[in-house]
Structure formats: C-alpha cells, structure tokens
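Here's the structure, in structure tokens; my notes come after.
A note on names: the letters A, B, ... follow the listed sequences, proteins ahead of strands, and every chain is numbered from 1. The figures here come from the full heavy-atom set of this structure, side chains too, leaving out hydrogens, waters and symmetry mates.
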Amino acid sequence: MNKDMEWYLKEYFGYEAFRPGQASIIKRVLEGQSVLGLMATGGGKSVTYQLPALMLPGITVVVSPLISLMVDQVQQLRTKKRIPAAYVNSTQDPAEAREVLQKIATGACKLLYISPEKLQQPYVQHVLNQAGVSLVAIDEAHCISAWGHDFRTDYLRLPDTLKQLGNPPVLAVTATATTAVRNEICSLFGIAQEHVVVQTLNRANIAYDLAEVNGESERRQLTFELIDRLEGPGIVYCSTRQAVDVLVAAYQLDGKRRVDGYHGGMNSMERMLIQTQFLAGELDVIIATNAFGMGIDKPDIRFVIHYQLPASLEAYSQEIGRIGRDGRPGYAMLLYAQEDIQIHQYMLDKEYPTPLQVQQFFQHYRAGAAFDAQTLAMIDMSEEMAAMLTFYTERALSGAQVSSSTEVTNPVQDIWQKTEKRKAVKRKKLSEMVSYVLAESCLRKHLNQYFGEKDHSYQHFCCSRCGLSRAAYEGERMVMVQPEAQNRWNLRQALDKLLPKK
DNA sequence: CGTTTAATATGTATATATTAAACGGTGCCATACT
C-alpha cells in the first residue's frame with residue numbers, strides 16, 4: 001500500500017516524498033478510518049484527501065466553506081493534475097448543476113466540492129449514493145466550531161447530513177484548533193483520539209509584535225509607516241468595512257505602495273479582481289475585514305498588521321497564519337486600544353436573540369409559518385437569526401421527544417438558554433483575546449499554549465516580549481509607542497465585564 | 001459604546017462649533033422582485 005501511495009504522489013502531484021504528517025493521515029484514511037488532521041498553514045493539507053480520492057473506489061466529497069475555494073481547487077485539479085473533479089453550487093443554473101450531478105451519478109468524477117448547505121439537498125444525496133461515497137473530507141474544519149453554532153448552523157448539521165450518505169469515513173482538516181475544538185469535531189464525527197494527527201502548530205518563522213495605541217491618528221500613522229517600511233506583500237486587518245474604506249482612501253492619497261481594500265460589502269467581481277491582483281503581485285498590501293484570506297494560496301506574505309483587536313485568538317491565529325507559508329521570516333503586528341472591544345460586544349449582542357425574539361419566533365414556527373421576508377419584517381428579525389433559531393428549535397423539539405418521560409421543559413426557555421450559552425462562549429473568546437494583549441509573558445508561548453502546542457522554538461525573532469524591537473526587525477529606527485497605564489487599567493475593567501460573574 | 005457623518009446654530013458670509021442620528025462581520029441558498 002505504501003508503494004502505491006508514493007506512486008500516486010509522484011504521478012499526480014509531482015512530489016518525491018510526503019511532507020510531515022501527510023503519510024500518516026493518508027494511511028489511516030485508506031484503511032477506512034475517520035481522521036482529524038491538524039497541519040500548520042502551508043503543510044499540504046489538500047493532498048491528504050485528494051490522493052486517497054484517486055485510490056478509493058467511490059467518490060470523495062469535499063465540504064468547502066467558500067465557493068471561491070471550490071472554484072480554485074477544482075480548476076487546479078483539472079488543469080494541473082488532470083484529476084476529474086467538479087463542484088455544485090449556486091453559481092450554476094439548474095441545467096448546469098443537473099449536468100454535473102448526472103456525470104457524478106455515472107462515477108465519472110473522483111472529487112465533488114460542495115457546501116454543507118447544498119449537501120443537504122435530497123437530490124444531491126441521491127446522486128452521491130448512486131456513485132457511492134468513499135470519503136467525506138471537511139476542509140477548513142474549524143468552521144464547524146467557529147460558524148456552526150450561529151452563523152452557518154448547517155455545519156453542525158453535517159453529522160445528520162452524512163447519515164443520509166450512509167456514514168462514510170470523515171477526514172477533517174484545519175490549521176487552527178484548540179483542544180476544545182478538536183474534541184467537538186471528534187465527538188461529532190466519531191473520530192477516535194488515536195486518529196487525531198497533529199503537526200506542530202508553532203510558526204517558528206513569524207515574529208510577534210504588539211503595541212497599544214492612543215487615538216485614531218496614532219493608529220493610522222503607525223500602520224502607514226509599517227506599510228511603507230516593511231518588505232514584501234502584506235495584509236492589514238480591520239474590524240469594520242468602514243475602517244477598510246477609510247484607510248484605503250487615506251493611504252492611496254500619498255502612500256508609497258500599491259494598496260487596495262477587500263470586504264464583504266464589495267461585489268464578487270471586485271473581490272475576485274483584488275484577490276487576483278494580490279496573488280499575482282500586482283498589489284502589495286490588502287486592507288481587509290476578516291472576509292479576506294481563507295484558503296488563499298500565497299506563500300510569500302511577509303507581514304500582517306492588525307489595525308484593531310480581532311474577536312478571538314482563533315481568528316487572530318488564522319489571520320496571522322497566512323504569513324510566510326514559504327518558511328521565510330515574517331512579521332505580525334497587533335495594534336490595539338481599549339475601545340476596540342466595543343464593536344465586538346455590539347455584534348455579539350446583536351447576533352443573539354432576546355427572550356422576546358425567541359418567543360415570537362417560536363410562535364410562528366409552531367404555527368407552521370414560512371420565514372419569508374415579510375414574516376421576518378413583521379417580527380423584526382434578520383434572516384441570519386431566524387436560521388439560527390430554526391436550528392435550535394429543531395434541536396429543542398427533537399430532544400424533547402426523546403426525553404419526554406422525564407420532564408416537560410418550556411422549549412422557548414430551553415432555546416434561549418442554549419443561545420445564551422453560545423453567547424457566553426463567544427464573550428469568553430473575546431476576553432481571552434484581551435488577556436493576550438494584557439499578559440506580560442511571551443506572546444508565542446501564550447498563543448501556542450492556547451492551542452495546546454508545546455513547541456515554542458523560533459528561527460530569527462520570538463516576540464516583542466522577548467526582545468524583538470521593530471527597529472531590529474526592520475533594520476532601522478522607528479518610533480516606539482509607550483503604553484499608557486490609564487488605558488491598560490480601563491482595558492482590565494472591560495475584561496472584568498466580559499468574564500462571567502461568580 | 002465609539003466613531004463618523006449629517007444637520008443645525010451662529011449672526012450676517014464663511015467657516016467653525018455644537019448637537020443629533022446612523023452605523024457596525026463572516027456566506028451559503030432560495031425566493032421574490034425587476
């Protein structure tokens with residue numbers, strides 16, 4: 001079997017040898033085991049399901065979070081590797097989609113890329129069952145925990161969806177997962193502890209830096225200086241679309257480098273254009289919200305600047321993880337101020353329902369009402385919240401059936417409590433982000449420990465707490481920002497508010 | 001909750017100060033509408 005694996009690796013992927021972790025994941029997958037693979041960005045995750053897809057008898061379904069990722073990967077497989085792959089999603093018209101699915105039914109495709117939403121459609125499942133599903137790969141599997149509980153609950157429905165496909169083995173892969181996230185993925189898909197394959201998540205080539213800023217002008221000045229002086233391509237992350245637009249306009253006015261913006265408010269053509277330009281080296285820096293970056297294949301990103309505090313260490317680690325996939329040194333700067341927390345708190349409060357909203361939703365749900373635009377407007381609820389509440393309501397009602405003998409709980413109360421629980425989890429993640437900037441210990445250690453990583457080695461620089469100065473990093477002098485005691489104290493107060501009361 | 005933008009106030013023409021209102025992330029899909 002070993003020889004076969006290597007033959008496929010060379011024949012289809014052009015590599016002489018496997019990269020660390022790959023062979024061990026693939027072996028288990030070929031044995032029919034369900035596996036969770038954790039590999040640092042740039043570790044070659046996609047080969048771990050693309051190669052088994054060629055060797056296994058049936059089709060491999062790749063659950064992918066973004067249409068743009070499906071398009072990229074399928075194109076690469078078809079043109080560069082000559083592997084028969086396809087995708088089904090909402091960019092296709094019904095006739096087109098039917099054509100693809102009919103081809104799949106005949107077994108002409110080895111890989112199908114699809115979203116968790118689309119995978120629930122009965123016709124899609126019917127076709128896949130005809131072809132026979134050998135493996136379900138879940139790409140960017142941290143999305144299950146990051147999005148499954150609120151933003152895209154279809155991620156948490158995946159175990160039920162896979163039941164309809166006869167529970168094929170699962171290979172979940174990601175670059176960031178805390179112990180809690182690993183446990184959640186394992187229990188959802190029945191992955192045994194010995195089938196969790198972990199490569200080191202420590203990013204030895206990244207130098208971690210941190211600076212507290214006072215006021216908008218200081219923040220902006222520091223950011224623009226960094227963009228001007230740092231070498232190579234980079235990304236600047238902001239918390240809001242507006243901040244992105246403002247920064248782009250301000251920098252383009254008299255900045256030295258080629259910079260453009262990217263966020264969810266832009267249409268897909270614009271977004272595609274900007275991303276393509278960045279990948280092709282026609283843009284030096286992208287200023288973006290967290291909409292940018294997932295799955296982008298650019299090995300030479302040299303720096304990431306966080307203009308504001310991100311919402312969690314998971315998000316932070318994902319975003320800086322895009323630095324230096326080529327293994328060459330890179331630099332991560334996190335700018336923060338006390339007021340950065342407010343936007344995240346606001347979003348959190350807005351995302352989750354009040355008891356009244358749950359009640360109104362439940363009444364309509366019970367009455368069998370469709371949650372169309374009109375109904376939603378009537379109860380003043382967003383499409384997103386209705387989708388989330390549908391999920392929790394379904395859970396509450398099916399759960400009630402199972403345990404009906406014990407006690408009859410109020411479903412509305414039950415649903416609201418479940419959503420409050422998730423809200424508390426998110427609040428805690430935000431507090432952990434704040435703790436990170438407040439703690440005075442080594443940044444690398446703190447971040448690595450959060451993800452259960454014990455290796456803290458580094459190549460050139462560790463972090464600003466371990467003696468990295470920006471002057472040293474850039475090889476020239478630069479104004480250092482002095483943190484003010486007052487602001488730190490306020491931030492501690494804000495942190496206290498985030499933590500649950502005892 | 002903080003920042004940005006729009007609207008008003010001032011006191012007699014342009015611009016600044018003050019106050020009020022608006023706004024805020026991530027994407028799939030289906031459906032309704034042009």
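Heavy-atom contacts from other residues, nucleotides or ligands closer than 6.0 Å to NZ of A:Lys103 number 12 or fewer.
Comparing A:Asp150 and A:Asn89 along DNA chain B, the residue whose closest nucleotide (by nearest heavy atom) sits nearer the 5' end is A:Asp150. Ranked by how close their nearest DNA chain B nucleotide is to the 5' end, A:Gly264 and A:Asp372 are led by A:Gly264.
B:dG25 sits 14 Å from B:dT4 when the P atoms are compared, rounded to a whole Å. Distance check on atom C1': B:dT8 versus B:dT14 gives 16 Å, rounded to whole Å. Separating the P atom of B:dA22 from that of B:dT26 is a span of 23 Å, rounded to the nearest Å. Atom name P, nucleotides B:dG11 and B:dA7: the rounded distance is 23 Å, in whole Å. Of the P atoms belonging to B:dG27 and B:dT31, the separation is 22 Å, rounded to the nearest Å.
Looking only at side-chain heavy atoms (C-beta outward), A:Glu99 and A:Glu96 stay at 4.5 Å or farther from each other. Contact of the A:Leu247 side chain with the A:Phe224 side chain is registered, since non-hydrogen atoms from C-beta on lie closer than 4.5 Å.
Nucleic acid contact for A:Glu351: base, since at least one base atom lies under 4.0 Å from a heavy atom of the residue. At a threshold of 4.0 angstrom between heavy atoms, the contacts of A:Pro116 with the nucleic acid are absent. Among the atoms of the strands shown, only primed sugar atoms or phosphate atoms (P, OP1, OP2) are found under 4.0 Å from some heavy atom of A:Lys118.
We find that the ring of A:Phe151 and the base of B:dT26 stack, their centres lying under 5.5 angstrom apart and their planes tilted less than 30°.
Considering only the side chain of A:Glu383, B:dC29 comes nearest among B:dG24, B:dT4, B:dC29. Proximity note for A:Arg152 (side chain, C-beta onward) versus B:dC28, B:dC1, B:dT26: the nearest is B:dC28. With B:dC28, B:dT4, B:dG24 as the choices, the nucleotide that has an atom nearest any side-chain atom of A:Leu66 turns out to be B:dC28. When distances are taken from the side chain of A:Glu117 to each of B:dT4, B:dC29, B:dC1, the shortest belongs to B:dC29. In this structure, the nucleotide among B:dG27, B:dG24, B:dG2 sitting nearest to the side chain of A:Glu339 is B:dG2.
Side chains of A:His142 and A:Glu314: no donor on one and acceptor on the other come within 3.5 Å. For the residue pair A:Asp340/A:Tyr307, the side-chain donor-acceptor check at 3.5 Å is not satisfied. No hydrogens or angles considered: a donor-acceptor pair under 3.5 Å links the side chains of A:Gln120 and A:Asp154.
Close to B:dT26, at under 4.0 Å from its OP1 or OP2, lies a side-chain N or O of A:Arg241. Put simply, A:Arg157 has no side-chain N or O that comes within less than 4.0 Å of OP1 or OP2 on B:dC28. Within the 4.0 Å cut-off from OP1 or OP2 of B:dC29, at least one side-chain nitrogen or oxygen of A:Ser90 is found. Remark: A:Ser239 is not in phosphate contact with B:dG24, judged by side-chain N or O atoms under 4.0 Å from OP1 or OP2.
With a 3.5 Å limit on both pairing distances and Watson-Crick or G-U wobble geometry required, the stems of 3 or more pairs in DNA chain B span B:1-10 with B:15-24.
Taking CD1 of A:Ile227 as the start and CG of A:Leu222 as the end, the distance is 10.5 Å to the nearest 0.5 Å.
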Before you tell me yes or no, could you show the steps for A:Lys423 and A:Asp150 under salt bridge (charged side-chain N to carboxylate O under 4.0 Å, His left out), namely the whole-Å CA-CA distance, both residues' side-chain angles and the distance that decides it to 0.1 Å?
CA-CA 9 Å; A:Lys423 195 172 164 183; A:Asp150 33 58; over 6 Å; no
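Residue A:Tyr155 contributes atom OH, which lies 12 Å from atom P of B:dG27 at whole-angstrom precision.
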